[in-house]
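Take a look at the structure below.
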Amino acid sequence: MKTPVVFLVFNRPDLTARVFAEIAKARPEKLLVVADGPRDSNDEKKCTQVREIVEHIDWDCNVLKNYSDTNLGCRKRVSSGLDWAFENVEQAIILEDDCLPHPTFFRFCETMLERYRNDERIGHIAGSTPVQGVRSSQYSYRFSRCTIVWGWATWRRAWQYYDADMPLWPETKASKRHYDMFPDIKVALFCEHLWDDVFCGAVDTCDAQWLFSQRIRNSFSIMPNVNLVSNIGFGKNALHTKNKRHPCAGLALQNMEFPLRHPAGLTVDEEADQRLVIMIMPTKPSLLEAVRRKLFNRHYYGKLIRSIPILGKLWALWRRRAGGGRGFTM
């Protein structure tokens, strides 16, 4: 396979070994490995084991490494690692240590990268698709506003617009431009809360910023109509995906048939997107649960505090320095 592969790893040797075995079967000509450093002494052994796994290259491959000696966290490590990767390559297939690909995932991404290389309307190629296409089921893939990053691919031309700090968010929010990014106001409000937390630093993530960089440019994603990547990392040891019962956990892998059947034009499959959003967004709670969430929801109090002059700015600055974590995002 001629398309470079970027492999993002950290401290899970068991998952890393499974995903790396599939990468080895694809035999990419260039492999770029991005590793975060240990958080504490308990992580040191695991991080070492992970890095030893990717040393076992038994095919002709140019390996580039970007290893951190200290722990940078999801936000800084992934964003800085991909910045480095796209300084070295024009396009890439990207896998994390818990994203198990089907063998046809690589060929699908390689084909899409070539076909849409110069199409500025497309910025993201997904491998995982929890919802099968509805209207576009006669085709091999559909177009979407969502950016699922469990096995994906993109180009340098698209990544250049990514900024982990989201400097354009305050102006975008003030003008309510994000309301035009999605057909459903509830989705826009969901993203508003998410992007607020990302901007002030309360969320240690990198994928929400990628979604923002795509939507602000009205750029779309490609999603296969069969699931080509399974997230096998759901559980207590995960940073974000802790709910093992989440409907997106451990999805079955499916085979992509070739040659691909291409859509005639770029039309978003709104029905499939709506089903995906329902799956991702929290379900409507009972009255008791709604009250409980309100009492403990930082968005509610954060929104109130941010509305107070001066105090709101101090709150945002404190949240940005404090850092934090979050669950599943689009």
Side-chain angles (χ1 to χ4, degrees), residues 99 101-102 104-105 108-109 111-112 115-116 119-154 158 176-195 207-208 210-231 234 241 243 245-285 327-330:
C99 297
H102 188 276
T104 56
F105 162 74
F108 174 75
C109 287
T111 303
M112 294 293 94
R115 183 178 180 88
Y116 293 97
D119 192 335
E120 294 286 343
R121 299 174 300 172
I122 304 298
H124 177 90
I125 301 164
S128 179
T129 178
V131 175
Q132 309 303 305
V134 181
R135 295 174 183 170
S136 58
S137 59
Q138 68 269 34
Y139 304 119
S140 300
Y141 57 94
R142 65 183 179 87
F143 298 104
S144 171
R145 291 182 174 83
C146 302
T147 53
I148 297 180
V149 294
W150 296 337
W152 55 293
T154 192
K176 295 182 169 41
R177 183 179 170 188
H178 57 300
Y179 289 172
D180 298 325
M181 295 179 180
F182 305 96
D184 190 332
I185 186 64
K186 290 183 293 185
V187 179
L189 291 173
F190 173 81
C191 288
E192 178 181 314
H193 293 156
L194 171 61
W195 291 334
D207 56 343
W210 178 238
L211 173 65
F212 178 74
S213 74
Q214 295 301 295
R215 287 286 70 230
I216 198 169
R217 297 180 57 249
N218 200 33
S219 182
F220 298 95
S221 302
I222 289 172
M223 286 195 181
N225 270 340
V226 293
N227 187 58
L228 300 175
V229 180
S230 179
N231 189 317
F234 276 80
T241 53
N243 182 8
R245 297 183 179 180
H246 194 282
C248 295
L251 293 172
L253 292 172
Q254 298 168 292
N255 177 67
M256 174 63 74
E257 295 182 358
F258 294 89
L260 298 179
R261 303 182 304 279
H262 302 283
L266 200 166
T267 302
V268 172
D269 189 332
E270 301 290 1
E271 188 175 352
D273 260 16
Q274 184 65 23
R275 288 170 58 184
L276 177 60
V277 168
I278 291 173
M279 180 180 292
I280 293 173
M281 289 177 62
T283 56
K284 186 176 182 180
F328 181 84
T329 61
M330 276 207 298

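Count residues from 1 along the sequence.
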Of the non-hydrogen atoms in [X] and [Y], which two are nearest, and what is the gap between them?
| X | Y | answer |
| --- | --- | --- |
| Asn227 | Val229 | ND2-O, 3.0 Å |
| Leu228 | Gln254 | CD2-O, 3.4 Å |
| Leu194 | Ala208 | CD2-CB, 3.7 Å |
| Ser230 | Leu253 | N-CD2, 3.5 Å |
| Pro224 | Gly127 | CG-O, 3.6 Å |

Rounded distance [0.5 Å steps], [atom1] in [X] versus [atom2] in [Y]:
| X | Y | atom1 | atom2 | value |
| --- | --- | --- | --- | --- |
| Tyr139 | Leu260 | OH | CG | 13.5 Å |
| Leu251 | Trp150 | CG | CH2 | 7.0 Å |
| Tyr141 | Arg261 | OH | CZ | 11.0 Å |
| Tyr116 | His262 | OH | NE2 | 7.0 Å |
| Arg115 | Ile222 | CZ | CD1 | 9.0 Å |
| Cys146 | Gln214 | SG | CD | 12.0 Å |

Margin query: Between Ser144 and Met223 (side chain of the first, backbone of the second, donor and acceptor by atom type, cut-off under 3.5 Å), is there such a pair?
Written below: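 No; zero donor-acceptor contacts below 3.5 Å.
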
Check: Which of parallel (below 30°), tilted (30 to 60°) and perpendicular (above 60°) describes Trp210 and Trp152?
Finding: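 Plane angle between 30° and 60°, so tilted.
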
Next item on the list: Identify whether NZ of Lys or CZ of Arg in Arg215 sits under 6.0 Å from the centre of the six-membered ring of Phe220 and within 45° of that ring's axis.
Entry: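 Judged by the rule, Arg215 and Phe220 form a cation-pi pair.
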
Next item on the list: May I ask you to say whether Glu270 pairs ionically with Arg145, meaning some side-chain N is under 4.0 Å from a carboxylate O?
Entry: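 Yes.
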
